[in-house]
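The structure appears below as structure tokens.
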Number of protein chains: 2
Amino acid sequence: MLLADAPMLTPSPFTQATDFVRRLQPGGAQHPAPRCSQCAISPLCNPGELNAEELAQVDSLVQEVRTVQRGASLYRANDPFHNVYILRSGSFKTVVMHREGREQVTGFQIAGEMLGLDGIVGEQHLCGAIALERSTVCVIPFELLEDVCREIKPMQRHLHKVMSREIVRESNMIMLLGTMRAEQRVAAFLLNLAERYGTRGYSATEFNMRMTRSEIGSYLGITLETASRMFSRLQQERLVQARGKQIRILDSGALARL
Amino acid sequence: MLLADAPMLTPSPFTQATDFVRRLQPGGAQHPAPRCSQCAISPLCNPGELNAEELAQVDSLVQEVRTVQRGASLYRANDPFHNVYILRSGSFKTVVMHREGREQVTGFQIAGEMLGLDGIVGEQHLCGAIALERSTVCVIPFELLEDVCREIKPMQRHLHKVMSREIVRESNMIMLLGTMRAEQRVAAFLLNLAERYGTRGYSATEFNMRMTRSEIGSYLGITLETASRMFSRLQQERLVQARGKQIRILDSGALARL
DNA sequence: CGTGAGTTTGAAGCACATCAAGTCTAGTGG
DNA sequence: CCACTAGACTTGATGTGCTTCAAACTCACG
């Protein structure tokens, strides 16, 4: 009931993200590639120091914008690797299959983030990417991206930063799983989401998570029940307001200090 | 006592690795850069499909071969990022500092593996790299490496594979920390070490670990006591012989099936 | 307004952490 | 070369945070 009398002041990032693709046909899987220069999330996926000619080259990278329905796979484990993807709108989870069919969530991705980098080494994907809501992605053939990176130095550096960022993100995750207790994990998870929303121009204090408790638990290495209990406890401690998937962060300082 | 009557048949990989650098001056920090084409671990760090001219370019990348004494840092967290390093001989751990000075091990590296990729995004290192024994590394200025990767396509692809491999390694680690019990973690750790030694031409069944139980525990997200107990348990189950840091794998199939 | 997936909450059990000896080992100096 | 010592390792006893199992509740959606 806490959030009922305290309605969301800012629209959820994901609502906005959905608006973003409204012009795209509902069921259509493919669309003509739009210009990066006209794309709202371009600052997130371009180096940002390119001249007109270079920009045109970058535009040519995006062969296709694909819509992925909620629950559908962008790619599956063991699929051959050809493309990387940049998330234009919506959100994904990446999962690996455990023995006995149980799935482990290895990451959540939101607008501006890149998917598919795990496929480069073995020339096939090692995890699957599943849309948490109707989402759109730019499809970028990796060979083409490499060609452009050999031509345009800032683009090369940019790709390396994206890959390095992924390495850093994962080592933070290793840190979290190796050293934190359940309550700290959930707090860190919320702060991380908040920060990523913040850099995308959404509210960093109020948002609507698209993932279930079970997916959060899997990601954080705890059970869904423990995840749920930690949300309740953080709420009791007045650090967040949580009503299902609606989250409001009340004291990010205290969350970080846990 | 088990290993007393069953002496190591193959020399430990680390012993060999030490022999490898015997020609280098003991205390000397720097040496003239040797040719990659004459380096024993070249197949591990080169694409392997280069002509003579390209090989010369690759040779020019290695500005220096540095010796790092046991316990010394190759780089520390927050150091500015300029170089990546390829481990010629010896072994390292990468660590991040927890709050209150406790350190968390995020990885172990052996010959042929690359260090320092975490520094690209923020232009400074986020973890520290500490030698577990006297080790030698090739120092490669990252800007130079990027230049060469814009010139030589196979080299570019190779770098991307190295980075992707690091991403995959870390997601496997996330999987391990998120889903496995202590005994499985230790088993997976041993199998992983064994496989890496195997691809380097060392015995994949007998080796000498350079890391302490405390470092292993930190890496695997368990205490040193639990790590020790799991080594004992695996020994009781006749899956390994473990006497301190000497390890012999008796039943890798059963270890994988845990 | 019923249905089922998602969520919350409680009770009991267990795997691992913590605390505490005691033993072993490698490196050091006599 | 061997005794000495500090760090590394093993093992036991006890405590606890999380999992597991179970049941009830919520809410979106037909």
Side-chain angles (χ1 to χ4, degrees), chain A residues 1-4 12 14-15 70-71 93 98 100 102-105 132-134 176-187 208-236 240-247 258, chain B residues 1-4 12 14-15 18 69-71 93 98 100 102-105 132-134 176-187 208-236 240-247 258:
Chain A
M1 281 296 119
L2 268 170
L3 288 190
S12 128
F14 291 101
T15 314
R70 178 197 164 99
K93 63 175 174 182
H98 209 217
E100 304 108 39
R102 262 179 49 211
E103 78 174 29
Q104 152 89 1
V105 176
L132 294 178
E133 63 193 305
R134 170 110 92 59
L176 177 144
L177 292 170
T179 67
M180 293 185 179
R181 337 195 115 204
E183 188 179 26
Q184 296 174 306
R185 293 183 192 197
V186 173
N208 189 339
M209 304 185 297
R210 302 314 292 214
M211 57 292 274
T212 65
R213 295 287 186 269
S214 168
E215 287 161 342
I216 294 170
S218 168
Y219 181 56
L220 297 179
I222 55 182
T223 60
L224 72 98
E225 292 94 331
T226 300
S228 174
R229 275 184 247 270
M230 293 308 131
F231 277 107
S232 302
R233 189 196 290 180
L234 290 175
Q235 177 152 281
Q236 259 188 323
V240 304
Q241 285 181 322
R243 185 174 155 72
K245 289 173 169 135
Q246 304 274 87
I247 293 289
L258 280 181
Chain B
M1 281 298 122
L2 267 170
L3 288 190
S12 126
F14 291 100
T15 313
T18 306
Q69 298 300 330
R70 177 197 164 98
K93 64 175 174 183
H98 210 218
E100 303 108 41
R102 261 180 47 211
E103 78 174 29
Q104 153 88 3
V105 176
L132 295 179
E133 63 192 308
R134 170 111 93 56
L176 178 144
L177 293 169
T179 68
M180 292 185 181
R181 335 196 115 204
E183 189 181 25
Q184 296 175 308
R185 293 182 194 198
V186 173
N208 189 340
M209 305 186 296
R210 303 314 290 215
M211 56 292 274
T212 66
R213 296 286 187 267
S214 168
E215 287 161 342
I216 294 171
S218 168
Y219 181 58
L220 297 179
I222 56 183
T223 59
L224 72 97
E225 293 94 331
T226 299
S228 174
R229 274 183 247 271
M230 294 309 131
F231 277 107
S232 302
R233 189 196 290 182
L234 290 175
Q235 177 152 281
Q236 260 190 322
V240 304
Q241 286 181 321
R243 184 172 155 73
K245 287 170 172 143
Q246 303 275 85
I247 292 290
L258 281 179

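Below, chains carry the letters A, B, ... as their sequence lines are ordered, and counting in each starts from 1.
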Are any of the side-chain heavy atoms of [X] and [Y] separated by less than 4.5 Å?
X	Y	answer
B:L132	B:E215	yes
A:V105	A:M211	no
A:M230	A:L220	no
B:Q235	B:Q241	yes
A:R134	A:R70	no

Rounded to the nearest Å, what distance is computed from the [atom1] atom of residue [X] to the [atom2] atom of nucleotide [N]?
X	N	atom1	atom2	result
B:L224	C:dA17	CG	P	10 Å
A:Q246	C:dT7	CD	C1'	15 Å
B:L234	D:dT11	CG	P	13 Å
B:M209	C:dA26	CE	P	13 Å
A:N208	C:dG6	CG	C1'	14 Å
A:E183	D:dT16	CD	P	17 Å
B:Q235	D:dT11	CD	C1'	14 Å
A:R229	C:dG6	CZ	P	19 Å

According to a strict under-4.0 Å criterion, is [X] in side-chain N/O contact with OP1 or OP2 of [N]?
X	N	value
A:K245	C:dT7	yes
B:R243	C:dT25	yes
B:R213	D:dG7	no

Counting side-chain heavy atoms from C-beta on, which of [options] comes nearest to [X]?
X	options	value
B:T226	C:dA17, C:dA15, D:dC9	C:dA17
B:T212	D:dT10, D:dT19, D:dC9	D:dC9
B:I222	D:dT11, C:dA17, D:dT19	C:dA17
A:T223	D:dT10, D:dG17, D:dT19	D:dT19
A:R181	C:dC16, C:dA11, D:dC18	D:dC18

Mind checking if B:G217 touches a base, just sugar-phosphate, or nothing, with heavy atoms under 4.0 Å?
nothing
Base, sugar-phosphate, or nothing: which does A:S232 touch, judged by heavy atoms less than 4.0 Å apart?
sugar-phosphate
Closest to the 5' end of DNA chain C, once B:A182 and B:R70 are matched to their nearest nucleotides, is B:A182
Please tell me which of B:R233 and A:E225 maps to the more 5' nucleotide of DNA chain C, matching each residue to the nucleotide holding its nearest heavy atom.
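Its nearest nucleotide lies further toward 5', so the answer is A:E225.
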